[in-house]
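Reading through the structure tokens given below for one structure.
Below, each value reflects all heavy atoms present in this structure, side chains not excepted, and no hydrogens, waters or symmetry copies. Letters A, B, ... mirror the listed sequences (proteins, then strands); counts begin at 1.
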Amino acid sequence: MSDIPTDISHDQHAVRRQKLADLRAGGSDPFRASVAPTHFSADAKALYVEGQDNAVTVTVAGRLVTFRVQGGSSFVKIQDQQGPIQLYFRRDVLGEERYGVFKKSLDLGDIIGVTGALFKTKTGEITVRVDAFTLVAKALRPLPEKWHGLSDAEQVYRQRYLDLIVNAESRARLLLRSRVVSHIRRFLEGRQFIEVETPVLEATAGGAAARPFVTHHNALNVDFFLRIATELRLKRLLVGGIDRVFEIGRIFRNEGVSRKHNPEFTMLEVYQAYSDYRGMMALIKDLLTTLCAEVLGTTKIKHAASGQDIDFAGEWREVSYKELIRTATGDAEWFSRSKAEKTAAAEKLGLAIAPAWEEFEITNEIFSKKIEPTLIQPTFVTHLPKELCPLAKLNAEDPTVLDVFELTIGGMEIAPAYSEQNDPDAQREMFEQQAGEEKQNIDQDFLLALEHGMPPAGGMGVGIDRLCILLTGAESIRDVILFPQLRPSDAK
RNA sequence: GGGUUGGUAGCUCAACGGUAGAGCAGUUGCCUUUUAAGCAAUUGGUUCUGGGUUCGAAUCCCAGCCAGCCCA
């Protein structure tokens, strides 16, 4: 009465659904089964004692990633958080029926748990000789190709789980990022910094010059902005007597998406009372050298774009912004030139200058396009022009510049730091004088807090994503963010 | 936002304007220490979408969608 027997052998989804249905019909539903692993894969392998096959029994679980059946015996590999471990299935150990289930019902991608003793194969691989196995999740969709992995960029980002299963480098980058953040926390906690969490939703998006995302709070019936920095909140905590404070927080900026920009990214901001920008220099150098040593096991990293090795252990160069500009333009009197002269000189360097730009914006275009990309080794660029940041203290000798630095590594801005402005009147004036693209919204509540007295402090921001790009040699910020922002697409 | 490259089987990729193929995966056999296991046979396509040109379009043209890269 029906034409059921259609050939589904070409449709892997249908084949796998049929296998699941058969299992359920036979009384075993994988999605109702469970397993209690005793070890992760690498930990299990570490238990093997040289020359003592079958001495240690373990239960491990993971996803089937290779499947090699050879008649009555089979080698497969499963993969867990720590990586792969090989399993050895034998008909004469499992019995005819269970071995048949193993061969017929399991597919690449299935999640299984197995119990068995460790031994070493002829070729020297520590392997579990399986006494019993349980299917605990049936994969109804096939894995990507086993050798080439998944390379379609769109699918890598949209289905990151597949990328993590089949591309070991992606998994390694994820693990490295986790260790980076973990080290930063331990480092700062070791110096008595206190970690806090401040609001993402703000009535005024301050602390940086950037376009914010806007959202709406229904109950209060007001628009809120997603924060573009954590700076002004953390400084309120300095006022409140938290002398060493940091936040590792998600920041949102409603701007372009590129190899170096994701609309949401992670920033460490750290503030230390009774310190200043020079104190932050020592702090970041210590943080990054210990970070490299611990996470990478070396203080030298390869920088593919320049072909250089970046050496974190050496002396870090310190050079003022003005000196870099004078050198790059070959003009010792650059800062007393007229706007017309600056424009002409910048255009001669091949830069496009908009007529509306302020003079400092012309100069800064030279810095960001012609100078910053060449600063490969760790470089503290100090004393930026006062227009570039309203939240720092002016330099005592040269009030046209700030007591700040911008740490640049691999041609990328990694960490800006300031001697923080704590004079409420000077702060208000700085806010009001802001011009051009650097204009920030004025946060009146913040100024009120300053009037209550904020201790002198050094403060610093560190872009975690960019730091991870540097440490992993990634080509794009999307390689260090698990789920980068993409245009939504209808799932199939 | 502009320029540019790409979108073909589950995945990785081929295919002068002339019957859309391979490897892996799948299916069926054989195979009890394999390492991208092997051997034999074999299934599988709305060529991103919509128009157009043409006797004939994966291929050429236009528009759109999505992604990568470069630029702003």
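Of the candidate nucleotides B:U33, B:A72, B:A67, B:A72 has the atom nearest to the side chain of A:K369.
Rounding to whole angstrom units, CD of residue A:E154 and P of B:U5 are separated by 19 Å. Between the C1' atom of B:U34 and the NZ atom of A:K120 lies a distance of 16 Å, rounded to the nearest Å. Distance A:I8 CD1 to B:U42 C1': 16 Å, rounded to the nearest Å. In this structure, CZ of A:F89 is placed 15 Å from C1' of B:U33, rounded to the nearest angstrom. In this structure, A:L108 places its CG atom 13 Å from C1' of B:A37, rounding to the nearest Å. Spacing between atom CG of A:L106 and atom C1' of B:G26 amounts to 15 Å, rounded to whole angstrom units. A:E145 has its CD atom 10 Å from the C1' atom of B:C13, to the nearest Å. A straight line from NE2 of A:H13 to C1' of B:U27 spans 17 Å, rounded to a whole angstrom.
Residues A:G71 and A:V76 both approach RNA chain B. Their nearest nucleotides, taken by heavy-atom distance, put A:G71 toward the 5′ side. Both A:D152 and A:D92 lie near RNA chain B, and the one whose nearest nucleotide falls closer to the 5' end is A:D152.
OP1 or OP2 of B:U27 sits under 4.0 Å from a side-chain N or O of A:K19. Of the side-chain N and O atoms in A:R129, none sit less than 4.0 angstrom from OP1 or OP2 of B:U33. Residue A:K104 places at least one side-chain N or O closer than 4.0 Å to OP1 or OP2 of B:G29. Between A:R68 and B:U34, a side-chain N or O to OP1/OP2 separation shorter than 4.0 Å is absent. Within the 4.0 Å cut-off from OP1 or OP2 of B:A25, not a single side-chain nitrogen or oxygen of A:R141 is found. A close approach under 4.0 Å does not occur between any side-chain nitrogen or oxygen of A:Q155 and OP1 or OP2 of B:A67. An OP1 or OP2 oxygen of B:C66 is reached within less than 4.0 angstrom by a side-chain nitrogen or oxygen of A:R487. At least one side-chain nitrogen or oxygen of A:K146 sits closer than 4.0 Å to the OP1 or OP2 atom of B:A37.
Within the shown strands, nothing qualifies as a pairing partner of B:U59 under the Watson-Crick or G-U definition with both distances less than 3.5 Å. Across all strands shown, B:A9 forms no Watson-Crick or G-U wobble pair with both key distances under 3.5 Å. For B:G17, there is no paired base (Watson-Crick or G-U wobble, both distances below 3.5 Å). Figure legend. B:G1 is base-paired to B:C71; pairs are counted as Watson-Crick or G-U wobble with both atom distances under 3.5 Å. B:G38: Watson-Crick or G-U partner is B:C30, with both key distances under 3.5 Å. With both pairing distances under 3.5 Å, B:U54 is matched to nothing as a Watson-Crick or G-U wobble pair.
Counting distance only, with no hydrogens placed and no angle test, the side-chain atoms of A:K77 and the base atoms of B:U35 include a donor-acceptor pair under 3.5 Å. Scanning atom types as modelled, one donor and one acceptor separated by under 3.5 angstrom connect the side chain of A:T121 and the base of B:U34. Looking at A:Q12, its side chain comes within 3.5 Å of the base of B:A25 through a donor and an acceptor atom. Within 3.5 Å, no donor on the side chain of A:R91 pairs with an acceptor on the base of B:U32, nor the reverse. Side chain A:Q70 to base B:U33: no donor-acceptor pair is found below 3.5 Å.
Within 4.0 Å (heavy atoms only), A:G149 reaches sugar-phosphate atoms of the nucleic acid but no base atom. The residue A:L486 sits close only to the backbone: its heavy atoms come under 4.0 Å of sugar-phosphate atoms, none of a base. Using a 4.0 Å heavy-atom cutoff across all strands shown, A:H10 reaches at least one base atom of the nucleic acid. In this structure, A:F67 reaches neither bases nor backbone, as no heavy-atom distance under 4.0 Å exists between it and the strands shown. Within 4.0 Å of A:Y157, counting heavy atoms only, lie sugar-phosphate atoms of the nucleic acid but no base atom. As judged by a 4.0 angstrom heavy-atom cut-off over every strand, A:D11 is placed among residues making no nucleic acid contact. Counting non-hydrogen atoms under 4.0 angstrom, A:S151 reaches the backbone sugars and phosphates but no base. Counting any heavy atom pair closer than 4.0 Å across all strands shown, A:R158 reaches sugar-phosphate atoms only and no base atom. Among the atoms of the strands shown, none is found under 4.0 Å from any heavy atom of A:V166. Across all strands, A:R16 comes closer than 4.0 Å to no nucleic acid atom at all (heavy-atom distances).
Distance noted for atom P between B:G26 and B:G10: 15 Å (whole Å). The C1' atoms of B:A58 and B:C48 are separated by 12 Å, rounded to the nearest whole Å. B:G50 and B:C66 are spaced 15 Å apart, taking the C1' atom of each and rounding to whole Å. B:G23 sits 16 Å from B:U42 when the C1' atoms are compared, rounded to a whole Å. Taking atom P in both B:G3 and B:U47, the straight-line distance is 29 Å, to the nearest Å. For B:U28 and B:C60, the C1' atoms lie 44 Å apart once the distance is rounded to whole Å. Across the C1' atoms, B:G21 and B:A14 are found 7 Å apart, a figure rounded to whole Å. Between B:G45 and B:A15, the two C1' atoms lie 14 Å apart (nearest whole Å).
A:D331 pairs with exactly one of A:R337, A:K348, A:K342 by the salt bridge (charged side-chain N to carboxylate O under 4.0 Å, His left out) rule, that one being A:R337.
With respect to A:E125 and A:K120, no salt bridge is recorded, no charged nitrogen being found less than 4.0 Å from a carboxylate O. Between A:K19 and A:D107 there is a salt bridge, with a side-chain nitrogen of the basic residue lying less than 4.0 Å from a carboxylate oxygen of the acidic one.
Without hydrogens or angle criteria, A:D110 side chain to A:L64 main chain gives no donor-acceptor distance under 3.5 Å.
A distance below 6.0 Å separates the ring centres of A:F89 and A:F133. In this structure, A:F119 has its ring center under 6.0 Å from that of A:Y88. Taking the six-membered ring for Trp and the full ring otherwise, the centers of A:F67 and A:F102 sit less than 6.0 Å from each other.
By the 30° and 60° cut-offs, the orientation of the rings of A:F213 relative to A:F252 is perpendicular. Ring pair A:F367/A:Y321 is tilted by interplanar angle, where 30° to 60° counts as tilted.
In this structure, a donor-acceptor pair under 3.5 Å is present between the side chains of A:T400 and A:K322.
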